[in-house]
Amino acid sequence: QALAVESSEAYLGATEETAGLGIVDTACNKTVHGRRWREHMERKLAEHGLFPVFRASAGKINGIGGKTQVTQDVTFPIAIAGRVGDITSSEIEDDIPMLISREMQEQLDMVIKVRGNIVDTDALGLHDLPLVNLPGTNRPSINLLDVRGATHAWSTYLTKEEVSQLEES
């Protein structure tokens with residue numbers, strides 16, 4: 001699988017500001033994130049009493065500059081404009097924010113409107129959803145922690161104890 005990962009300088013690394021943002025990357029074939037981004041995202045999720053689920057994963061993915069080792073797969077609870085769900089992403093050691101793959105964009109039936117910096121996603125029933133530029137860049141990103149007007153509560157997701165039980169099995 002090919003993966004378009006540019007140098008971490010292009011993304012200014014993972015910071016508290018970038019946690020919760022996923023770059024809409026039309027050249028990316030696999031949704032990925034860096035370890036530091038995950039650590040920041042975990043802290044933001046914990047503020048809501050939510051926790052990601054970790055799964056062992058091995059292998060390498062191709063990116064710009066060569067192959068990168070996948071350390072684990074992580075499923076994050078997310079909310080996009082009040083639509084609650086989850087996203088699974090492969091973690092790599094590179095210092096990058098989450099890159100939302102073309103495959104995930106297809107699952108969301110996403111149409112990017114570059115001129116207006118907005119997207120439509122028929123799968124979520126959202127139209128003219130404003131994109132957020134990743135701080136310090138012009139990389140169009142989706143806010144993955146936007147719970148306003150949620151159609152159902154995040155409380156339907158797993159507690160920390162339930163996550164621990166799943167990870168042990």
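FYI, the numbering just counts along the sequence from 1. Computed over heavy atoms, backbone and side chain alike; hydrogens, waters and symmetry mates excluded.
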Check: R36 main-chain N/O paired with R38 side-chain donor or acceptor under 3.5 Å: no
Looking at NE2 of H40 and OG1 of T18, how far apart are the two atoms once the value is rounded to the nearest 0.5 Å? 6.5 Å
Please check this pair: side chain of Q69 against backbone of I92, looking for a donor-acceptor N/O pair closer than 3.5 Å. no
Between L134 and P97, is there a side-chain heavy-atom distance shorter than 4.5 Å? yes
Between the main-chain N or O of L108 and the side-chain N or O of T121, is there a donor-acceptor pair closer than 3.5 Å? yes
Any L145 side-chain heavy atom under 4.5 Å of K44 side chain: yes
Test: R102 and E106 ion pair at under 4.0 Å: yes
Test item: T88 and V74 side chains (from C-beta on) under 4.5 Å apart, heavy atoms: no
Quick check: do L45 and P52 have side-chain heavy atoms less than 4.5 Å from each other? yes
So how far is it from F54 CZ to E42 CD, rounded to the nearest 0.5 Å? 4.0 Å
Between I80 and D146, does a side chain to side chain contact (heavy atoms under 4.5 Å, CB included) hold up when you go through it step by step? CA-CA 5 Å; I80 299 173; D146 183 1; over 6 Å; no
Within residues 66-95 or reaching into it, pairs that qualify as ring pair (Phe, Tyr, Trp, His ring centres under 6.0 Å) - sequence neighbours excluded: H33-F76, W37-F76
Within-4.5 Å side-chain heavy-atom neighbours: L144 and L21: no
Hey, does T71 have a side-chain heavy atom less than 4.5 Å from the side chain of E93? yes
Yes or no on side chain to side chain contact (heavy atoms under 4.5 Å, CB included) for D73 and S90, after CA distance, side-chain angles and deciding distance? CA-CA 4 Å; D73 288 332; S90 294; 2.7 Å; yes
Is any side-chain heavy atom of K113 less than 4.5 Å from a side-chain heavy atom of V119? no
Just by modelled atom types, is the A123 backbone N or O under 3.5 Å from a matching donor or acceptor in the D109 side chain? no
Given the rule in the side chain to side chain contact (heavy atoms under 4.5 Å, CB included) test, do L129 and I118 qualify, once you have shown the distances and angles that lead to the verdict? CA-CA 5 Å; L129 176 68; I118 55 178; 5.9 Å; no
Taking every non-hydrogen atom, the tightest pair across R83 and G125: NH2-O, 3.5 Å
When you measure from the side chain of Q105 to the backbone N and O of D25, does any donor-acceptor pair fall under 3.5 Å? yes
With a 4.5 Å limit on heavy-atom distance, are the side chains of V32 and E91 in contact? no
Hey, could you give me the CG/CD1 distance between L131 and I112, rounded to the nearest 0.5 Å? 7.0 Å
Please give me the minimum heavy-atom distance between M110 and I142, naming the atom from each residue. CE-CD1, 3.3 Å
Measuring from S141:OG to I100:CD1, what's the distance to the nearest 0.5 Å? 7.5 Å
dist Q72:CD -> R55:CZ (nearest 0.5 Å) comes out at 11.5 Å
Within the 3.5 Å criterion, strictly below it, is a donor on T31 or S89 matched to an acceptor on the partner's side chain? no
